[in-house]
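Below is one structure, written out as structure tokens; the observations come after it.
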Amino acid sequence: MRQPIDMKRFEQLKAAGDLPSPRGVAIAIIRLTQSPNVSAAELARAIRGDPAFVGRLVKAANSSLGAGKRAVVSVKDALMVLGLPSVRTMALGFSLLSNYRKGACGAFDYEHFWSFSLVMALSMQALALRVRVFAADEAFSVGLLARVGELALATLYPAEFGGVLREIAATPDLHQLELEEKAFAMTHCELGAAMLLDWGLPEVMVAPVQCYETPEQAGFAEASREAGVLQCLVLSRAIARLCLSPESEHANLMPPMLRLANRLGISHGDFIALCENVGREWGEWGKLLLLETRQAPAFSRLSSTKEAPVAEAARRPPDGAGQGPDAGDELRDDEAVRVLVIGANEDERACMRSTLDPDTFLITEEDDYDQGIERAIDIQPQLMVVDWGHAGCWADWIRALRDTRFGCSLYLLVLLDHLDEETLRKATEAGADDFLVRPVCPSALALRMQAGRRTILLQLRLEHEREELRHFAAELAISNRRLQEVAMTDVLTGVPNRRYAIDRLYMEWAACARHRRPLTVMVADLDGFKEINDAHGHDVGDMALRQVSEVLRGELRAQDVLCRMGGDEFLVICPDADLNAALACAERLRAAAANLEIETGGPQLRLSVSIGLAVRDESMPAMKALIKLADRGAFLAKARGRNCVVAPQLAGRAP
Ligand SMILES: Nc1nc2c(ncn2[C@@H]2O[C@H](COP(=O)(O)OP(=O)(O)OP(=O)(O)O)[C@@H](O)[C@H]2O)c(=O)[nH]1
């Protein structure tokens, strides 16, 4: 698996101590479980030091057993059931949960985050038992930690991440990952995956975590374990979203979930039972973890969608490999439309019930206009039939409704007592889309309602296509970024290449000139490198180049950049470093290279480096002059016998 983010940056974040990390007894447990010789007794002793963890561990062991197994009551038994890797990640997950319940990012709802993660954990565990492509015990922790990157961004950059969240709240069409990419040059998925890898979670679980929010980019082989984990993560996220969303959104969220479950080969009935169990466990775990949970949704009532035969699942491409951005969200022509009828009389309602197919029109009725308004906010109908006799006085309210997010796409059919210019004008002004004149004729009603439904489906389809376009654009942006990274990186050593060096130097030159800050560059050229190639072969030469560049990079400050210009020549850009500071740094580089014992698998080799350096001064017309001067320094260093540092601006002074 490719590293999710630049490891140097990740190490810096880690070293700064700001990344969420386990505390207390969890550290002892994690350390012990990393040792292959740890005894169960030793580990049980450490675990008993945290009574809260004991309860959670035993409960997790019981949950991962599946039905009909003897209950686990002791820590030792729980250890046997779960195994060391799971205990380690559970200690980690629960420790984070206890220690990161609050934080500095005001816009980040920590309580909601953990409650959501808990549903994901329970759903992953339940799905793992059902689909059996990975272990249920590991699944719990993976679900619990799948969103840890968001917690990390909230912890590392509370103000900036808060800004991203506020932007999304104000404009829900924006994509969080894109905003994060712009703000932090990494996404929470990438950061989370890097953290999970660092904590030792297996790659087969981490790779899907990195892309389950954009499964269309995963590219896992069909029927691979990664593809299985990915599908379960996508579905667990959907279950968690449904559990934590307002009731009015439940009906919309359920059908895609059923389709995802169907693709995993889980029958309608089994899936509903699974969700209900997750809902129950959510409440129990919430009490154990002192986490706020909600009344679990009534899954069976929501599941009005007809069960698709499992055989159909086998014909569909599995998620991951060929899965589109809308995984499980495709629109169908038999999609049901939510209808709210306000104020029609009993005959008209009876006419609707007998004329309209209840599978395509989900009708809710309200007599009273006040109640109707509340109901509209609650169920967010897509089509509303209103009695204009009442609605006439509510024209302002209808206008206001049109300004809301759901109201602007609402299809509004008004029932008129009689047809006259003035009434029609007012209804049109208030935002009506169509009308029916009383007495209502059933065929006219059916025709108008079908027309409304077609418009709604068309709108949904357009929205769906827009969503697809956004996904493709995001995918393209990511591919472009990856391509750019490749184009700017030296393949052999992994450090930035000449192209990057020139671009970066332009930027630093301009910034330092603008702010009147020093800028130093070094040209570092290996000594006698050709002899290594000639004596030991090109492969050994390559090893030497890699090891030297790694050592040099390790000696630099965070803001300095080492680039390979080609062959055995490197350029170091040191912004904000004057000649004296850069001389000290160059001397460190020289000594580090000279002390390096190059491992070749055969003889250990040594080599040295000659370094020339130059600092930008006002008389230099352009950056080329700076490089030229540093180059001259390297030439003089060679002439002085190599393995030394020369700064021509110091008129011959060598350190
Ligand atoms: N193994 C390996 N060798 C390379 C690579 N690129 C360039 N070289 C070799 O690097 C050597 C550079 O030779 P020179 O410029 O004479 O450098 P040197 O032997 O260090 O001599 P001085 O700089 O005078 O100390 C040549 O033999 C190139 O073929 C590479 O990617 N891998």
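Counting starts at 1 for both ligands and their atoms, following the listed order.
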Would you call [X] and [Y] a salt bridge, taking side-chain N to carboxylate O under 4.0 Å as the test?
| X | Y | result |
| --- | --- | --- |
| E555 | R557 | no |
| D631 | K628 | no |
| R553 | E550 | no |

Exercise. Counting only heavy atoms not in R499, do more than 12 fall under 6.0 Å of its CZ?
Worked result: no
Side chains of residues 536-547: which donor-acceptor partners sit under 3.5 Å, not counting sequence neighbours?
| unit_1 | atom_1 | unit_2 | atom_2 | d |
| --- | --- | --- | --- | --- |
| Q547 | OE1 | E599 | N | 2.9 |
| Q547 | NE2 | E599 | O | 2.7 |

Check ligand 1 against the protein and report each N/O to N/O distance under 3.5 Å, formatted as atom name, atom name, distance.
| unit_1 | atom_1 | unit_2 | atom_2 | d |
| --- | --- | --- | --- | --- |
| ligand 1 | 1 (N) | N533 | OD1 | 3.0 |
| ligand 1 | 1 (N) | H538 | O | 3.1 |
| ligand 1 | 1 (N) | D542 | N | 3.4 |
| ligand 1 | 1 (N) | D542 | OD1 | 3.0 |
| ligand 1 | 3 (N) | N533 | ND2 | 2.8 |
| ligand 1 | 17 (O) | D568 | OD2 | 3.2 |
| ligand 1 | 19 (O) | F529 | N | 3.2 |
| ligand 1 | 19 (O) | K530 | N | 2.7 |
| ligand 1 | 20 (O) | L526 | O | 2.9 |
| ligand 1 | 20 (O) | G528 | N | 3.1 |
| ligand 1 | 20 (O) | F529 | N | 2.8 |
| ligand 1 | 20 (O) | D568 | OD2 | 2.9 |
| ligand 1 | 23 (O) | D525 | OD1 | 3.1 |
| ligand 1 | 23 (O) | L526 | O | 3.4 |
| ligand 1 | 23 (O) | K638 | NZ | 2.8 |
| ligand 1 | 24 (O) | R642 | NH2 | 2.7 |
| ligand 1 | 25 (O) | G528 | N | 3.0 |
| ligand 1 | 25 (O) | K638 | NZ | 3.0 |
| ligand 1 | 25 (O) | R642 | NE | 2.9 |
| ligand 1 | 25 (O) | R642 | NH2 | 3.4 |
| ligand 1 | 31 (O) | R564 | NH2 | 2.9 |
| ligand 1 | 32 (N) | D542 | OD1 | 2.7 |

For this session: Would you verify whether the NZ or CZ of R147 falls within 45 degrees of the ring axis of F116 while also being under 6.0 Å from that six-membered ring's centre?
Result: yes
